[in-house]
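Below you'll find the structure, written out as C-alpha cells, and then a few comments.
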Amino acid sequence: MDADTLNKGLLAGKVGVWRWRVDTDQLEWSENLESLHGLEAGTFDGTLSSFRNDIHPSDTSDVWQAIQSTLETGDPYTSVYRTNPSLSTDPVWIEASGSIVTDPEGVRYLTGVCMDVTARRAAERELETRLAQQKAIADFGTFAFGEGRIQKVLDRAVDVAADVLDVPLTKILLFAGTADHLRLASGRGWHDGLVGNATVGTELQSQAGYTLVAKSPVIVEDLRTETRFSGPELLHEHGVRSGISVLIPGSSTRPFGVFGIHDTRLRQFADTDAEFLLSLATIVANAARNREALDHRQLLVREMSHRAGNMLQLVSTIASQTFSSARSPEEAHSSFSERLGSLSRANYIVAHGGWTSTRVRTLFGDTLKPFADRISMQGRDVLLPPDLCFDLGLIAHELAANSSRYGSLAGDDGRVELNWNVERSGSELATFTLTWRDPINTEPDPSIPRRGFGSRLMVALIESKWSGKIDVERAQGYCLSASIPFTPA
C-alpha cells in the first residue's frame, strides 16, 4: 500500500500517526493531527511542548503520567484526553495509544496513533448520566414512600436534583394558602432567609407562572435573552442564566407547585434532564397526595362529629326564622326549600373536597347555577378555608334570592355583577372582599334597610362570626360590599 492511499485511509478514519523521540522535544505528527486537535493548519511546530499545550489543563497530568509509566515499564499505553479549547470551540476528546520502538541505531521513540472519540465519549457520558439519574430516582422513590413528613421529601428532592444535575440552585415552589402566589417551600443555594419565606407570583411573566400553564417542561437556555417570560427578581438576583422547570401535579385540577433547577452558567440542558426532573416531581406529587389523603381522613372524622350538631342547629334556625316571617304558608315553604337547597349545595361543595380549602369560583358557580348566564363573575380563583366557603355559599344564595324578588334577576334579561378579591394584610392574615352590584332595586322604600331573615343572616355571618364589615348602598340599585378577615390555610 502506497503512502498516499495510507494517508487517505487515516483521514477517512479520523486517525493520525505521531512519533516522539524520547528524552528530546522533537515530536512528529501526520498532517491530519492538526485538524483532529482543532488546530489551524501550520500551527503545530513539531515540539513536545506544543503538544502538551494543546491538552486540556485538567487532563495534562493524567496523560503525562501514562506516558511516564510506559517509558519506565515498556508496556503500551492508552490515554483519553480533551484538547485545550479556544474561546470559540468546544474541546475534542482524543484517544492516544502508543508503545516504545527502538530503531537500528538504538534511538528510542514513543510512537502511536490518535483518533477523535468525541462522539463515543458523549455516548458513554450520556449512558453514565442516565444510569445515575435512574438510580437517583429509584433511591428517592424508596425514601419518599417511607417518609411521612412532606417537608423531608421536598428537602431531599432539591438535594437530589442539585447533585445529579450539577446545578447550584434548586427550588420547589408550592401554592400558598389562598393559591394566589407561590412560596419557596424548599431549595438549595438561595440567599439566607429566603427558603420558607420568599414568594413568586403566578403571572405569566414569571418562569413559574409560565410553567403552570405549559403542557411540557420549560427549558431555559439563557434567561437574559428569554422572550417567553422575563423571570422573577428571585432568579435575576442570583445571576441565573439557564435552567429547567416542571409542574408538580396536584390531587385535583390545581397543580401542587413547580420544581425548578437553575445554573449561573450557560448550559444546554437535554430533554433527558427535563425527564429526570419530571420524575422527581411526580414522586413528590405522590408523596403529597398520600399525606393529604391521610390528613383528610383524620380531618373528616373530626368534622363529621362536629358539624352534625351545627348543621341541625342551623337548619332549625332557618326553619324557625323563615316560617315566622313569611306572609303565607306557600311563601314559607318556597323560601325554606330554597334556603335548605342552598345549605345542601354549600355543604356538598366543601365536603366533596374533604372539608378542605375550596376554590371560590367553583363555590359561586355551583351556588348561583340557576342564574349563571346572568351573573358576571370576576375574581381570581383562589382557595379559601372550608368554613368561610360554606358561609359564602349561604351569603351568595341570599343575594341572588333578594335580586330575584326586588332586583335584576326578577326580570327576564337583567344582569348583576359579583366581584371578589383577596388582600393580604400580613404574613398570617388576609381579607376576602366581595362586591354585589345590582342596577335595579324595586323595594317599596329603598331608603329603609330591610330587616328580613336574609339580611340578618348575612350580618350574623359576616360581622358577628367573621368580624367583618358590610356596606350597602341603595341610591342607584342595590350594592353590597363586604370585607371578611381570615387566616389562610
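On a predicted model such as this, the values are computed, not experimentally measured, just so you know. Counting from 1, the numbers follow the sequence of the chain as shown.
Listed by first and then second residue, the ring pair (Phe, Tyr, Trp, His ring centres under 6.0 Å) pairs involving residues 133-168 amount to none (not counting sequence neighbours). Among residue pairs with one or both ends in residues 231-244, those qualifying as salt bridge (Lys or Arg N to Asp or Glu O under 4.0 Å) are Asp222-Arg241; sequence neighbours excluded. Evaluation of the salt bridge (Lys or Arg N to Asp or Glu O under 4.0 Å) test over residues 134-150, restricted to residues two or more places apart or in two chains, returns Lys135-Asp139, Glu147-Arg149.
The only member of Thr435, Asp471, Leu399 that meets side chain to side chain contact (heavy atoms under 4.5 Å, CB included) when paired with Leu480 is Leu399.
Contact check for Val472 versus Cys479: no side-chain heavy atoms found under the 4.5 Å cut-off. At a threshold of 4.5 Å between non-hydrogen side-chain atoms, the residues Phe259 and Leu278 do not count as touching. With contacts defined as side-chain heavy-atom distances shorter than 4.5 Å, the pair Leu429/Thr487 qualifies. Ile261 places a side-chain heavy atom less than 4.5 Å from the side chain of Phe269. Inter-residue side-chain proximity for Phe256 and Leu247 is flagged as unmet; no heavy-atom pair is nearer than 4.5 Å. Residues Tyr81 and Asp62 have side chains not in contact (no heavy-atom distance under 4.5 Å, counting atoms from C-beta outward).
Of all heavy-atom pairs between Ala396 and Leu368, the closest is O-CD2, 3.5 Å. When every heavy atom of Leu266 is checked against every heavy atom of Ser242, the shortest pair comes out as CA-OG, 3.5 Å. Contact record, Arg415 with Asp373: NH1-O, 2.6 Å, taken as the closest heavy-atom pair. Counting all heavy atoms, side chain and backbone alike, Met458 lies closest to Ile470 at O-CD1, 3.7 Å. A pairwise comparison of heavy atoms in Pro249 and Ala281 identifies CD-O, 4.3 Å as the closest pair. When all heavy atoms of Leu194 and His238 are compared, the pair lying nearest together is CD1-CE1, 3.6 Å.
Every salt bridge (Lys or Arg N to Asp or Glu O under 4.0 Å) that Lys465 has, sequence neighbours left out, goes to Asp391. Under the side chain to side chain donor-acceptor pair (under 3.5 Å) criterion, Gln133 pairs with Arg130, Asp273, not counting sequence neighbours. Taking Arg361 as the reference, nothing meets the side chain to side chain donor-acceptor pair (under 3.5 Å) condition, with sequence neighbours excluded. With sequence neighbours left out, Arg437 forms a salt bridge (Lys or Arg N to Asp or Glu O under 4.0 Å) with no residue at all. Applying the salt bridge (Lys or Arg N to Asp or Glu O under 4.0 Å) rule to Arg120 yields the partners Glu95, Glu124; only residues at least two apart in sequence or on another chain are considered. Take Asp163 and apply the side-chain contact (heavy atoms from CB on, under 4.5 Å) test, not counting sequence neighbours, and it matches Arg188. Shown here are the side chain to side chain donor-acceptor pair (under 3.5 Å) partners of Arg265, two or more places apart in sequence or in another chain: Asp263.
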List the atom pairs, with distances to 0.1 Å, where a side-chain N or O of residues 165-175 and a protein N or O form a donor-acceptor pair under 3.5 Å, not counting sequence neighbours.
from   : atom 1 : to     : atom 2 : distance (Å)
Thr170 : OG1    : Val158 : O      : 3.1
Lys171 : NZ     : His262 : NE2    : 2.5

Contacts table for residues 150-157: side-chain donor-acceptor under 3.5 angstrom, sequence neighbours left out:
from   : atom 1 : to     : atom 2 : distance (Å)
Gln151 : NE2    : Asp155 : OD1    : 3.0
Gln151 : NE2    : Ala185 : O      : 3.2
Asp155 : OD1    : Ser186 : OG     : 2.6

Next on the checklist: Applying side chain to side chain contact (heavy atoms under 4.5 Å, CB included) to Arg380 and Val360, what does each step give before you reach the verdict?
Outcome noted: CA-CA 8 Å; Arg380 300 189 67 176; Val360 175; over 6 Å; no

Next on the checklist: Between Leu212 and Tyr210, is the side chain to side chain contact (heavy atoms under 4.5 Å, CB included) condition met? List the steps.
Outcome noted: CA-CA 5 Å; Leu212 288 174; Tyr210 185 88; over 6 Å; no

Checklist entry - Does the pair Trp420 and Phe364 meet the rule for a ring pair (Phe, Tyr, Trp, His ring centres under 6.0 Å), with working shown? => result CA-CA 11 Å; Trp420 67 87; Phe364 286 147; 5.2 Å; yes

Item to check | Derivation of the side chain to side chain contact (heavy atoms under 4.5 Å, CB included) call for Val258 and Val246 | outcome: CA-CA 6 Å; Val258 174; Val246 300; over 6 Å; no

Next on the checklist: Go through it in stages, so that I can follow the logic: the residues are Asn419 and Leu434, the test is side chain to side chain contact (heavy atoms under 4.5 Å, CB included), and I'd like the CA-CA distance, side-chain angles, deciding distance and then a yes or no.
Outcome noted: CA-CA 6 Å; Asn419 301 323; Leu434 177 147; over 6 Å; no

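A distance of 7.5 Å separates CD1 of Ile395 from CG of Leu457, quoted to the nearest 0.5 Å. Annotation: the span from Ser245 atom OG to Ile219 atom CD1 amounts to 9.5 Å, rounded to 0.5 Å. Note that the CD1 atom of Ile462 and the CD1 atom of Ile484 stand 5.0 Å from one another [nearest 0.5 Å]. To the nearest 0.5 Å, the span separating CH2 on Trp436 from CG on Asn402 amounts to 9.0 Å. Interatomic distance, CD1 of Ile244 versus CD of Gln207, reported as 9.5 Å (0.5 Å rounding). One distance of note links CG of Asp54 with CD1 of Ile94; it measures 8.5 Å at 0.5 Å rounding.
Within 6.0 Å of the CD atom in Glu128, the count of heavy atoms belonging to other residues, nucleotides or ligands exceeds 12. Around CD of Glu221, the count of heavy atoms belonging to other residues, nucleotides or ligands within 6.0 Å does not exceed 12. At most 12 non-hydrogen atoms from other residues, nucleotides or ligands lie less than 6.0 angstrom from CD of Gln476.
Side-chain polar atoms of Glu423 and Thr431 form no donor-acceptor pair below 3.5 angstrom. With hydrogens and angles left out, the side-chain atoms of Asp438 and Ser408 include a donor and acceptor closer than 3.5 Å.
At distances below 3.5 Å, at least one donor-acceptor pair connects side-chain atoms of Thr442 with backbone N or O atoms of Tyr406. The closest donor-acceptor contact from the side chain of Arg359 to the backbone of Val382 lies at 3.5 Å or more, if one exists at all. At distances below 3.5 Å, at least one donor-acceptor pair connects side-chain atoms of Thr83 with backbone N or O atoms of Val92. Side-chain N or O atoms of Thr362 include none that pairs as donor or acceptor with a backbone N or O of Thr358 at under 3.5 Å. No donor-acceptor pair closer than 3.5 Å links the side chain of Ser464 to the backbone N or O of Leu461.
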